[in-house]
Structure formats: C-alpha cells, structure tokens
*Asks:* 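One structure is given below, represented as structure tokens, and several questions about it will come after.
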Amino acid sequence: MKKSLEIICGTLAGLALLAIMLLTFLDVSGRKLLSQSITGSLELTELLMVVVIFGALPLVSLKGEHVVFDSLDAVLPAWFQRLQRALVDIVCAALLMGLAYLMWNTGAEFAVTGETTAQLKITKAPFIQGMGLLCGLTALVHLLKVFWQSDEESAEGGTL
C-alpha cells in the first residue's frame, strides 16, 4: 500500500509540476518571441499548483517531512517523544479529516451552482473535491502512522 501511495501521489504531483514548467516555458517564450501570451495561463498554473500541493501532501506526511520544532528532543525521554508523535498524528488526522469534509462539501456546492474559473470557465468542483480526497488520504496516513510507529517501536523493544 505504501508503494502504491508513493507511485500514485508522486506521479500526480510530478506530472502537474511538469505541466506547470511546460506551461510557463511556453507562455514566457510566446510572450518574448511572438508577443503573445497563453490565454488563461495564470488560471491553469493555479489549478496545477493545487494538484502539486495536495498530491504531495500524503507523501510529505508519510515520510515525516513536515517542518518540525525539535529543540527539546535531546532532553525529553523516548517514551514521551513516542507519545507526543502519536498525539500529533491523531490531531493532524482529525484536522485533516475535518478539512476534507469541508472541501468535499464545498466542491459539491460548487458543482450544483456551476462555479467556474473567471477566464477559461474551468469547473472548480473537481479540483476542490480532489483536494478533499487528498486531505482525507493524508488523514488516513497520519492515523496509520500512529500504529506503524508503535508497531516498529514495539519490535525494537520500546512501548508507547
């Protein structure tokens, strides 16, 4: 499952980033060489950035690559650090699940009202609901990390 998550989310975020690079290259080249910009390039870049950020979020959580404040780790006992990690993962999971719920509902409302981008008239609902799904997936990653960490630490002789 971990490998599938890495492949799917990594490919999604990577392709969106590649598309942003190509779009920016073509837009700037067209502006400089042909005095013609790509219509809606800013809107497309914004939507692709959503895909990059939310597509990479489960991977960042899975690998524990978030920004952390660890200056007290040297003085805190190992059991407390394990407990702290578990509590942080539980809180993150709860907040991300709440955010996923709100985004999914907002996307559903946008689908009903037909909300689109200003210039290209791209429907916003799939992007917002996609953000919700990826936040929900990230919440599941945090919940699983609570059990993975305690299983790994139990195998090493530590207890939570």
Side-chain angles (χ1 to χ4, degrees), residues 1-21 23-24 42-118 120 122-160:
M1 183 176 136
K2 184 177 176 182
K3 195 66 175 169
S4 297
L5 182 69
E6 289 173 348
I7 290 170
I8 292 168
C9 290
T11 301
L12 180 67
L15 288 174
L17 186 57
L18 178 65
I20 290 171
M21 292 187 308
L23 178 62
T24 302
L42 179 61
E43 280 182 1
L44 289 172
T45 301
E46 289 171 347
L47 293 173
L48 289 167
M49 281 301 296
V50 164
V51 176
V52 170
I53 292 166
F54 285 88
L57 190 58
L59 298 177
V60 170
S61 292
L62 183 66
K63 295 177 186 261
E65 296 292 328
H66 293 286
V67 175
V68 294
F69 180 75
D70 60 359
S71 63
L72 296 177
D73 283 358
V75 297
L76 295 174
W79 68 268
F80 185 83
Q81 290 180 36
R82 287 190 300 273
L83 177 63
Q84 180 186 34
R85 273 194 304 270
L87 289 174
V88 166
D89 280 326
I90 290 168
V91 169
C92 285
L95 293 173
L96 283 162
M97 200 53 84
L99 189 58
Y101 174 79
L102 291 173
M103 287 180 173
W104 184 264
N105 286 342
T106 300
E109 289 173 15
F110 278 18
V112 170
T113 60
E115 189 81 25
T116 63
T117 60
L120 296 177
I122 299 171
T123 305
K124 290 181 180 180
F127 290 93
I128 295 173
Q129 287 185 314
M131 291 162 57
L133 284 175
L134 290 165
C135 278
L137 182 60
T138 307
L140 291 176
V141 166
H142 279 283
L143 282 178
L144 290 173
K145 283 182 71 169
V146 171
F147 300 107
W148 284 340
Q149 287 175 353
S150 21
D151 288 348
E152 290 168 3
E153 289 163 358
S154 295
E156 295 170 2
T159 58
L160 188 69

*Asks:* Which atom names give the shortest non-hydrogen contact between Ala108 and Gln129, and what distance separates them?
*Replies:*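 That closest heavy-atom pairing would be N-NE2, 3.4 Å.
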*Asks:* Can you name the nearest heavy-atom pair linking Phe127 to Val50, along with the distance?
*Replies:* O-CG1, 4.5 Å
*Asks:* Identify, with sequence neighbours excluded, every residue that meets side-chain contact (heavy atoms from CB on, under 4.5 Å) alongside Val91.
*Replies:*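 Only Leu95 meet the side-chain contact (heavy atoms from CB on, under 4.5 Å) criterion with Val91.
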*Asks:* Using side-chain heavy atoms (C-beta onward) and a distance below 4.5 Å, is Leu5 in contact with Met1?
*Replies:*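 Sidechains of Met1 and Leu5: no contact.
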*Asks:* Working to the nearest 0.5 Å, report the span between CD of Glu115 and CD1 of Ile122.
*Replies:*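 CD1 of Ile122 is found 13.0 Å from CD of Glu115.
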*Asks:* About how many Å separate CG of Asp73 and CZ of Phe80, when rounded to the nearest 0.5 Å?
*Replies:* 10.0 Å
*Asks:* On a heavy-atom basis, which atom in Ala118 and which in Glu43 lie closest, and how many Å separate them?
*Replies:*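 Of all heavy-atom pairs spanning Ala118 and Glu43, the closest is N-OE2, 3.1 Å.
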*Asks:* Using side-chain heavy atoms (C-beta onward) and a distance below 4.5 Å, is Thr117 in contact with Glu46?
*Replies:*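 When only atoms from C-beta onward are counted, Glu46 and Thr117 do not touch, as no gap falls below 4.5 Å.
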*Asks:* Enumerate, atom names and distances included, each donor-acceptor pair closer than 3.5 Å involving a side-chain atom of residues 52-70, sequence neighbours excluded.
*Replies:*
from, atom 1, to, atom 2, distance (Å)
Ser61, OG, Leu57, O, 3.4
Ser61, OG, His66, NE2, 2.8
Ser61, OG, His142, NE2, 2.9

*Asks:* Nearest 0.5 Å, what's the OG1-NZ distance between Thr113 and Lys124?
*Replies:* 9.5 Å
*Asks:* What's the separation between atom OG1 in Thr45 and atom CG in Leu23, rounded to the nearest 0.5 Å?
*Replies:*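 Those atoms lie 4.5 Å apart.
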*Asks:* Rounded to the nearest 0.5 Å, what separates atom CD in Gln84 from atom CH2 in Trp79?
*Replies:*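 Taking CD in Gln84 and CH2 in Trp79, the distance rounds to 11.0 Å.
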*Asks:* Any side-chain hydrogen bond (donor to acceptor under 3.5 Å, both in side chains) involving residues 91-102? Give me the pairs, sequence neighbours left out, ordered by first then second residue.
*Replies:* Tyr101-Asn105
*Asks:* Looking only at heavy atoms, which two atoms of Ala125 and Gly107 are closest? And how far apart?
*Replies:*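 Shortest heavy-atom separation between Ala125 and Gly107 comes out as CB-O, 3.2 Å.
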*Asks:* Can you tell me how far CG of Leu12 sits from CG of Leu17, rounded to the nearest 0.5 angstrom?
*Replies:* 11.5 Å
